[in-house]
Amino acid sequence: MSKKRILIFASGRGSNAEAIHGACADGTVNGEVVGVICDHADAQVLGRAARWGVPSVVIEKKDYPDKAAFDEAILKAAVSFTPDLICLAGYMRICGENLIHAFPDRILNIHPALLPSFRGLHAQRQAVEAGVKVAGCTVHFVGTGLDDGPIITQVAVPVYDDDTEETLSARILEQEHPAYVRTVRAFCDDALHVEGHRVTGMHAKEK
Ligand code: GRF
């Protein structure tokens with residue numbers, strides 16, 4: 001099977017992007033990161049892409065008159081990479097519907113909460129403030145609503161009495177990287193199947 005072309009969307013640090021790129025580079029994932037689209041010119045992920053020798057494109061909202069024009073520019077850039085898969089990895093924007101319709105069931109996102117709880121920004125802070133005892137991360141296909149779309153995999157972590165947003169975020173992040181890599185690997189092996197809200201192929205019962 002030929003390698004899947006993976007396009008990363010990121011806004012900041014890029015540690016999930018690094019995990020995906022590393023797994024492609026060492027052969028864990030049958031894919032290749034072909035580009036990075038970033039909405040912040042000073043994002044750390046851009047330095048990472050340069051180190052990998054992967055092209056990146058910066059598209060900043062402030063350079064466009066409105067969201068429709070920005071979404072058009074994003075779609076045009078994305079299509080130019082002819083990706084098989086788009087991975088949102090710390091991408092802090094809601095994708096345009098044009099992108100979602102152009103790549104049905106081909107856009108993944110990682111969210112630092114056990115969806116459908118704690119959608120949106122500061123999910124780890126929301127979890128601490130809500131007093132939940134279990135938190136975690138979710139990898140899902142991107143739908144048209146905020147942090148919705150079919151769930152592919154989730155990993156839970158405990159929340160301790162002395163946790164802060166920072167300590168809980170670090171515990172979740174440790175799980176995010178392998179969870180995202182496992183999901184991208186399954187996608188690139190054509191193992192995932194979407195039926196309505198259900199995704200199968202990741203969690204078969206061990207025999
Ligand atoms: C991660 O916690 C991810 O779940 C969230 O934003 C953070 C991005 O981290 N959407 P990084 O840029 O991948 O290091």
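Everything numeric here is computed off the predicted structure, so don't read it as measured data. Atoms within each ligand, like the ligands themselves, are counted from 1 in listed order. Numbers for residues simply follow the sequence, beginning at 1.
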Atom 5 (C) of ligand 1: nearest protein contact (heavy atom, Å) = Pro112 CD, 3.9 Å

N/O of Gly14 under 3.5 Å from N/O of ligand 1, yes or no?
-> yes

Do me a favour and list the nearest non-hydrogen protein atom to atom 3 (C) of ligand 1 with residue, atom name and distance?
-> Glu176 OE1, 3.2 Å

Residue, atom and distance of the protein heavy atom nearest atom 10 (N) of ligand 1 read Ile110 O, 3.4 Å

Decide yes or no for Gln126 and Ser117: does some side-chain heavy atom of the first lie under 4.5 Å from some side-chain heavy atom of the second?
-> no

Would you please name every residue forming a side-chain hydrogen bond (donor to acceptor under 3.5 Å, both in side chains) with Arg93, sequence neighbours left out?
-> Asp39

For a quick test of your reading: what N or O donor-acceptor pairs under 3.5 Å do the side chains of residues 95-108 make, sequence neighbours left out?
from   : atom 1 : to    : atom 2 : distance (Å)
Asn98  : ND2    : Asp71 : O      : 3.1
Asn98  : ND2    : Glu72 : OE2    : 3.2
His101 : ND1    : Glu97 : O      : 3.1
Arg106 : NH1    : Pro83 : O      : 3.1

Considering heavy atoms of the protein only, find what lies nearest to atom 9 (O) of ligand 1 and give residue, atom and distance to 0.1 Å.
-> Arg13 NH2, 3.0 Å

Option set Gly12, Gly90, Ala113, Ser15, criterion heavy-atom distance to atom 11 (P) of ligand 1, minimum | Ser15

Please work out whether the ring planes of Phe70 and Tyr64 are parallel, tilted or perpendicular, with thresholds of 30° and 60°.
-> perpendicular

Just wondering, are more than 12 heavy atoms of other shown residues or ligands nearer than 6.0 Å to NE2 in His197?
-> no

